[in-house]
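Below is one structure; the comments refer to it alone.
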Amino acid sequence: MEAVIEEKIVYQRPEALSDIHTHYCPGCTHGVAHRLVAEVLDELGVRERAILVAPVGCSVFAYKYFNIDAAEAAHGRAPAMATGIKRVMPNHVVFTYQGDGDLAAIGMGEIMHTAIRGENITTIFINNAIYGMTGGQMAPTSLAGQRTKSSPGGRDVELTGFPVKMSEIIAGIQGASYVGRYSLHNVKEINRAKKAIRTAFKVQLEGLGFSMVELLSSCPTNWGMTPAQALEWVENMMVPYYPLGDFKVLPEVEQLMKR
Amino acid sequence: MEAVIEEKIVYQRPEALSDIHTHYCPGCTHGVAHRLVAEVLDELGVRERAILVAPVGCSVFAYKYFNIDAAEAAHGRAPAMATGIKRVMPNHVVFTYQGDGDLAAIGMGEIMHTAIRGENITTIFINNAIYGMTGGQMAPTSLAGQRTKSSPGGRDVELTGFPVKMSEIIAGIQGASYVGRYSLHNVKEINRAKKAIRTAFKVQLEGLGFSMVELLSSCPTNWGMTPAQALEWVENMMVPYYPLGDFKVLPEVEQLMKR
Amino acid sequence: MQEEIVFAGFGGQGVLFGGQLLAYTALAEGKYVTWIPSYGPEMRGGTANCTVIVSDEAIGSPVTKYPSVGIVFNNPSLDKYEELIKPGGLLIVNQSMVVRNPVRTDIEALVFPATALATELGDTKMTNSVLFGALLARRPIVSLEMAQQVLIEKLGQRKAHLHAINIAALERGYEIGMSVQA
Amino acid sequence: MQEEIVFAGFGGQGVLFGGQLLAYTALAEGKYVTWIPSYGPEMRGGTANCTVIVSDEAIGSPVTKYPSVGIVFNNPSLDKYEELIKPGGLLIVNQSMVVRNPVRTDIEALVFPATALATELGDTKMTNSVLFGALLARRPIVSLEMAQQVLIEKLGQRKAHLHAINIAALERGYEIGMSVQA
Amino acid sequence: MTAELMKGNVALAEAAIRAGVEAYFGYPITPQTELLEHMAKRMPELGRAFIQAESELAAINMVYGAACTGARTMTSSSSPGFSLMQEGLSYIACSQVPCVVVDVMRGGPGLGNIQPSQADYFQVTRSAGHGDYHPIVLAPASVQEAVDLIGEAFDLADEYRHVVLIVLDGLLGQMMEPAELPEMKPLRMERADWALTGAAGREKRIITSLELDAPALEAVNDNLQAKLAVIREKEQRWTELMIEDARLVVVGYGMAGRIAETAVKQARREGMKVGLLRPISLWPFPEEHLSMIADHSDAFLVVEMNAGQMVEDVRLAAGGQVPVKFYGRTGGVVPVPEEIYHEIAELYNKLNGG
Amino acid sequence: MTAELMKGNVALAEAAIRAGVEAYFGYPITPQTELLEHMAKRMPELGRAFIQAESELAAINMVYGAACTGARTMTSSSSPGFSLMQEGLSYIACSQVPCVVVDVMRGGPGLGNIQPSQADYFQVTRSAGHGDYHPIVLAPASVQEAVDLIGEAFDLADEYRHVVLIVLDGLLGQMMEPAELPEMKPLRMERADWALTGAAGREKRIITSLELDAPALEAVNDNLQAKLAVIREKEQRWTELMIEDARLVVVGYGMAGRIAETAVKQARREGMKVGLLRPISLWPFPEEHLSMIADHSDAFLVVEMNAGQMVEDVRLAAGGQVPVKFYGRTGGVVPVPEEIYHEIAELYNKLNGG
Amino acid sequence: MAVKGRIEIKEAKCKGCTLCVMACPQNVIEMVTEYVNAKGYYPAHLVDPDGKCTGCALCAVACPDVCITVYRQVPVKAAAV
Amino acid sequence: MAVKGRIEIKEAKCKGCTLCVMACPQNVIEMVTEYVNAKGYYPAHLVDPDGKCTGCALCAVACPDVCITVYRQVPVKAAAV
Ligand SMILES: Cc1ncc(C[n+]2csc(CCOP(=O)(O)OP(=O)(O)O)c2C)c(N)n1
Ligand SMILES: Cc1ncc(C[n+]2csc(CCOP(=O)(O)OP(=O)(O)O)c2C)c(N)n1
Ligand code: SF4
Ligand code: SF4
Ligand code: SF4
Ligand code: SF4
């Protein structure tokens with residue numbers, strides 16, 4: 001009997017992502033991050049009880065792009081808003097999606113305390129070392145010497161300090177159960193990032209407390225690079241300063257990762 | 001020739017402390033902390049160029065008690081205010097004095113970013129595991145199970161998370177040059193605390209960046225104890241959870257400590 | 001009938017609770033009542049006072065400049081309130097904590113060592129009960145019986161061991177109030 | 001004399017800079033001028049436009065509903081601005097990026113492939129210079145000479161290698177504007 | 001049901017619980033803290049959500065979140081803390097999610113003190129945040145009224161999907177007075193058709209205050225303004241005393257109004273034709289009613305615990321028909337009936353050509 | 001000196017530098033960000049203090065700190081960011097330290113959008129924070145005026161030890177227009193006698209907004225109110241056009257006023273007796289002048305880029321003497337002269353019994 | 001026999017970022033240079049005359065705009081006749 | 001010979017917290033029980049009939065209210081006559 005060949009779809013848009021054009025710049029890996037989260041929501045079968053809290057930043061319209069219920073928070077306050085939602089809807093899957101200005105600058109207090117409370121939500125943290133939406137000012141995560149619109153001579157660590165490593169900080173907080181930093185600069189790393197995102201959401205589903213995945217992401221527009229150059233910059237400049245991997249894995253989470 | 005005996009003053013009020021009655025409750029170690037800071041300012045000879053930024057909390061009137069120029073900040077914002085002062089008066093000795101509600105709750109964003117910038121100021125952080133001024137509500141530093149006016153059944157770590165360890169967190173930030181946690185529960189510890197405070201101010205004088213000393217302190221009133229019981233509680237309950245010692249000593253600071 | 005009573009002293013002397021006892025008792029007797037504390041940041045040894053208004057009609061202002069009764073627990077409060085009492089009003093002074101006598105003659109003054117009596121009866125903290133008892137003797141705003149009932153209720157089971165001596169304190173104050181020629 | 005000129009197209013087509021060139025030139029010639037961009041969050045491929053008003057008198061409103069001149073860099077802008085141009089006004093259309101011709105007959109229309117010409121002259125990004133040149137031919141709001149001078153100045157030393165071709169682009173547009181029977 | 005002696009703050013908290021509040025988020029600040037403390041005790045007991053937030057900023061944004069799910073949600077604070085909620089309130093108002101906020105005002109500006117004040121009238125009625133909107137603002141003058149109004153506040157919030165503020169001064173927050181509490185309402189189980197509950201078997205829902213396109217945001221504003229116009233028409237509240245034949249009308253809200261009542265009664269006893277108007281809704285302000293009163297009276301005396309704020313609304317409503325005089329105390333000083341009486345007598349005298 | 005073509009935001013920054021600003025603290029937000037960016041470049045060049053703060057909250061408190069030393073200090077933001085500064089501003093005002101704040105307003109409420117707006121009029125004039133105070137508020141209508149006013153703002157701030165706001169809509173912030181910049185002033189070296197400079201050879205100094213005692217805080221407020229009364233009397237600013245014989249007076253500030261100017265001129269060309277009043281100081285509002293104009297005219301038309309806010313001040317000033325009509329656009333929609341002209345014509349017609 | 005695959009790129013959504021081109025191990029994706037799409041971008045398209053695409057989906061994983069659907073030919077049992 | 005010392009406690013400032021009593025290794029500080037000071041507290045005072053105070057200043061270090069001044073007798077060279 002001869003084998004019959006059939007064509008199967010091996011990759012298509014996840015259900016949790018709406019089929020609409022995004023406003024992201026060409027090659028901006030916000031889009032990749034969105035897709036990964038959507039895939040994980042679909043795979044875990046939680047799309048219908050997922051609630052997104054979108055930030056203020058380039059990803060402000062994430063609420064349009066995800067095909068799930070969503071709220072748009074004030075700049076930096078997404079974790080507080082998510083806390084409010086989660087406390088009255090404990091069985092829903094609540095997550096924030098935040099940029100580095102949003103999470104690491106103005107929203108520092110809220111993300112810290114959400115982690116301190118061990119709030120049972122998930123945070124997807126996009127670190128692109130710049131303020132994208134406002135046109136390219138320095139972020140707390142901008143690299144030493146990095147030229148931005150508000151550090152035209154390059155980030156001067158004497159005056160502005162060293163770029164902040166949020167994953168390491170959050171990992172140091174007892175209430176954080178899972179914290180990992182991954183990158184979106186190539187397919188291999190994208191796949192690792194997805195695994196981390198899946199773990200983070202599983203942590204929430206198991207009620208284990210706060211989980212966060214930091215994703216190194218590109219901003220070709222404000223870095224003044226082509227998309228391809230931007231990914232190289234992530235790999236060659238960001239990764240050395242922002243090491244990839246898991247920074248906090250509670251024993252219970254380790255169990256979970258094995259499953 | 002026979003030795004003549006003369007009486008010398010071996011202890012008296014430091015010049016940097018005003019000779020007025022404080023409003024602190026009997027046995028409250030805010031008073032001890034004040035005195036130590038004042039002694040250090042005197043000993044380093046910087047009283048005349050010291051500027052205090054007082055918090056909102058029981059120590060709000062610190063501006064009255066120190067005999068130096070002082071400003072009173074909004075709740076939690078003392079580090080931002082101190083930053084503003086220091087940037088235009090770089091040769092002055094600028095410090096904040098803050099409680100745990102002020103620094104670790106509402107002021108989390110400001111203290112973190114002041115440390116991140118490596119701002120060349122000093123912070124004296126009074127951890128008394130409670131909100132004193134408002135009458136005894138839970139602080140981020142309240143111990144697990146601690147009964148307060150806002151955790152009447154004892155702090156439930158499931159709902160509120162674990163008490164936050166600020167010294168450990170700040171020590172993890174690159175811009176922090178010196179961070180230590182000491183206690184005021186007996187004379188030996190008080191003396192160690194003073195040494196740490198001296199180091200912290202020296203760090204500032206040398207322009208080495210951000211320095212912070214956390215001091216475990218009592219609040220007999222809101223803990224519902226006698227002053228003596230309260231000091232025992234510091235020793236037996238707080239110290240085990242909040243280990244004492246230096247958490248961050250940059251190599252340059254180590255040099256300084258030897259001098 | 002409307003009486004405006006000020007309780008005034010140091011924090012820690014039970015000043016606010018004394019006023020609350022009166023307020024609760026008035027409520028229990030179906031009267032209109034308001035209780036207003038002075039409130040401040042948590043500071044021991046600061047001043048504390050409260051104003052209680054008891055009336056047969058709905059109460060407008062719960063504050064007044066010139067109260068009809070002053071109960072002063074210490075010297076600063078004597079200094080502050082003596083001059084404010086309405087002519088014809090009543091001033092009860094805790095002699096244990098003051099260094100002078102009241103001087104006004106157009107008001108009724110009752111001066112006796114309430115703290116000393118309370119200490120004698122077993123607990124310095126009952127100064128407020130003693131003074132409250134004296135008040136009821138001079139101004140029967142509420143009945144002594146109801147006051148006793150409310151006192152026991154408010155102390156609650158946890159402080160059952162204090163019931164008897166507090167009742168005694170209340171009665172001691174009442175006796176003094178009845179006996180002294182004001 | 002007052003002209004209100006709208007430059008409209010995609011972000012990235014040099015729309016805003018085109019308007020600024022006009023504004024700087026007008027200033028250099030001592031005219032009153034305002035330049036207003038549409039501004040939005042940083043998004044590539046979104047619409048971008050600016051309004052320049054050049055006048056002999058102080059300018060009141062820097063916005064207008066009905067501009068006297070429209071320079072449209074792409075099709076959506078043609079759709080949006082054609083109907084708004086004042087009767088008797090001028091519409092310059094970048095034929096390279098549109099799929100239709102203007103239809104109004106009560107305005108002057110100049111339609112030519114500016115992007116194609118710019119590409120031909122060495123840089124697609126000079127579309128704005130070509131269109132600006134054409135504008136000056138049809139409406140001598142400022143002189144071509146001054147525009148050339150300002151263009152060189154604004155490109156600056158760092159872009160010295162682009163001076164010649166930009167001047168060429170400006171002139172090419174001017175030629176076309178002069179030659180075409182509108 | 002019998003009256004209990006309760007602090008205003010505690011009564012507000014318990015009444016909110018009985019009105020079915022599902023989530024409370026707040027931060028300690030005098031003279032409001034007893035409200036939070038009561039919630040800290042009761043809400044966990046009842047299995048409802050309580051968080052002592054890390055700040056007022058966090059608290060209002062937690063409120064924003066919980067309110068997005070259609071749950072009855074509230075917070076409380078006092079002046080400086082309320083200032084920190086401005087951005088969040090503006091977001092909530094634009095998103096049109098219901099919530100209740102209690103502001104127990106204290107002496108300002110700045111850290112000021114913790115004494116009673118009404119100095120945030122402008123802030124609460126005019127601009128609780130940036131942008132064009134007014135929250136509904138209710139000002140009780142007794143513990144009982146506070147209890148009644150907070151129940152109403154939740155209903156109004158739901159009905160209009162709007163921010164409702166209960167404002168009081170520290171005096172009412174700290175005062176004990178008998179009040180009857182309502183019965184405990186069962187928690188509402190169903191969720192509104194705009195609420196975020198997960199996109200199960202329906203289209204997804206979005207709650208946002210962003211609209212990049214100007215005409216679209218203008219439509220959002222038109223919608224909001226239309227709603228406010230309805231509120232303005234339907235929800236003006238006040239109480240009054242001896243207005244009919246009054247030549248002089250004293251206008252005051254909250255405790256200032258209540259204190260003035262004693263002075264007004266005193267003046268009546270002295271034969272002066274004086275009345276009292278106490279606005280209960282500060283926004284919408286009872287403007288028509290005031291304007292009507294202006295038709296029949298000779299002068300207004302506005303009494304506030306501030307340097308003169310509501311007096312502007314009275315002037316606007318009076319429209320120049322009668323002189324509007326102002327008497328205020330600031331910094332946490334509470335005016336006593338005696339001084340208000342003095343003002344009344346002086347002004348009344350002048351009306352009589354004195 | 002020759003005029004340069006500059007964006008309003010950039011011109012403000014450079015003019016502030018030339019006026020001797022020693023410290024700038026801010027946070028990016030559209031449509032204000034170019035101001036911060038210009039400072040980021042220039043201030044370090046000049047050895048002056050610049051920090052991109054972690055938030056607007058931090059920025060205003062850094063301003064508070066630097067201002068306490070007597071240094072000329074400023075920040076800038078836009079509506080949501082300005083909301084976050086409310087608490088800080090109230091502290092600064094109560095402490096009476098001088099500072100300058102620029103608010104480039106955008107569409108609201110909430111996140112709204114980044115288009116031009118004037119919807120924070122109430123917030124800036126009535127209650128930039130809790131408590132009784134008004135900042136001085138100046139509203140330019142051209143890049144040149146912005147340049148001139150910011151210099152004045154620093155002087156006023158110093159003179160009165162008060163908060164001075166420069167408010168503009170996003171349009172003026174983003175617009176390029178020729179303007180002449182002033183010469184660079186040398187930095188002021190001496191420090192005021194209240195400034196924190198270290199207690200060397202003198203008594204210590206304290207800057208605080210706390211006063212626990214109510215009568216004492218009332219004294220602080222009296223002092224503040226007395227200062228505001230002086231400002232109210234001395235610092236009203238406006239500009240006007242063809243007012244003398246105007247039957248209809250259009251009132252608008254900032255860009256709305258400037259756009260209205262074109263409509264007013266058009267109406268004059270059509271023979272209508274229409275004039276324009278453009279308030280420059282929004283607080284103190286030019287109330288006497290307006291009231292005087294009300295005496296000689298038949299109607300007011302207020303034009304704003306909001307749902308109607310300044311119109312209340314116009315009504316208060318007009319005191320019921322003339323009808324006051326309102327025309328506004330919201331959500332970032334900028335009214336064009338054509339539509340304002342339409343409103344003028346309609347209203348004027350009615351005046352003529354049409 | 002090598003696995004056979006095929007991709008579809010939604011041209012209208014493509015922003016021409018080239019990331020799929022870089023991700024493709026078979027080098028069978030190219031950028032269009034002749035025309036731009038409605039958004040003004042030069043889109044990517046599959047140029048695979050030799051049928052080298054394996055349907056590995058790396059391009060799809062790399063694409064930030066989810067433009068790419070990936071198909072792979074898989075052997076299945078023939079249906080019983 | 002043991003070092004001789006002496007302390008002065010400013011009664012008016014004392015809040016009666018007892019911390020000095022606890023800190024004193026010589027047990028020569030006691031709380032007054034007969035009267036309260038103007039602030040209403042029972043102050044501490046030195047009760048040192050045997051002159052045991054060494055002037056070690058531990059009490060002063062422990063005192064939160066800086067009420068205590070500490071003196072110690074030290075041998076000095078006699079001035080030349
Ligand atoms: C209170 C407030 N402050 C400032 C802004 C302006 N703003 C919008 S997005 C943003 C930062 C965006 O940067 P980031 O969070 O890194 O996200 P990205 O755009 O880079 O994805 C800022 C400052 C705002 N909207 N609200
Ligand atoms: C914005 C604001 N929120 C809240 C308060 C009320 N408040 C005053 S002090 C304080 C906390 C004090 O606790 P902590 O910082 O631990 O100092 P402590 O009194 O214990 O020394 C609070 C919440 C305030 N003044 N301002
Ligand atoms: S500006 Fe940067 S972060 Fe924002 S969409 Fe563009 S590339 Fe992405
Ligand atoms: S309340 Fe506590 S922290 Fe405050 S003075 Fe009293 S003991 Fe000290
Ligand atoms: S990765 Fe996606 S958006 Fe980028 S060129 Fe390829 S198909 Fe187009
Ligand atoms: S330690 Fe100081 S305050 Fe306490 S009892 Fe001793 S002397 Fe008095």
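Convention: sequence-line order gives letters A, B, ...; per-chain numbering from 1.
- Of the atoms belonging to A:A104, it is backbone heavy atoms, and not side-chain ones, that fall under 4.5 Å from chain B.
- Of the inter-residue distances, the one linking A:K165 atom NZ with B:Q174 atom CD reads 6.0 Å to the nearest 0.5 angstrom.
- Chain B forms the most heavy-atom pairs under 4.5 Å with one residue out of A:E110, A:M112, A:E168, and that residue is A:M112.
- Between the CD1 atom in B:I169 and the CD1 atom in A:I169 there is a gap of 8.5 Å [rounded to 0.5 Å].
- Both the backbone and the side chain of A:I116 come within contact range of chain B, each with at least one heavy atom under 4.5 Å from a heavy atom of that chain.
- Note: B:E158 CD to A:N120 CG = 9.5 Å, rounded to the nearest 0.5 Å.
- With chain B as partner, the option from A:A115, A:G109, A:G209, A:P140 having the largest number of non-hydrogen pairs under 4.5 angstrom is A:G109.
- We find the NE2-CE distance between B:H113 and A:M108 to be 4.0 Å, quoted to the nearest 0.5 Å.
- The CD atom of B:E119 sits 9.0 Å away from atom CG of A:L159, with the distance rounded to the nearest 0.5 Å.
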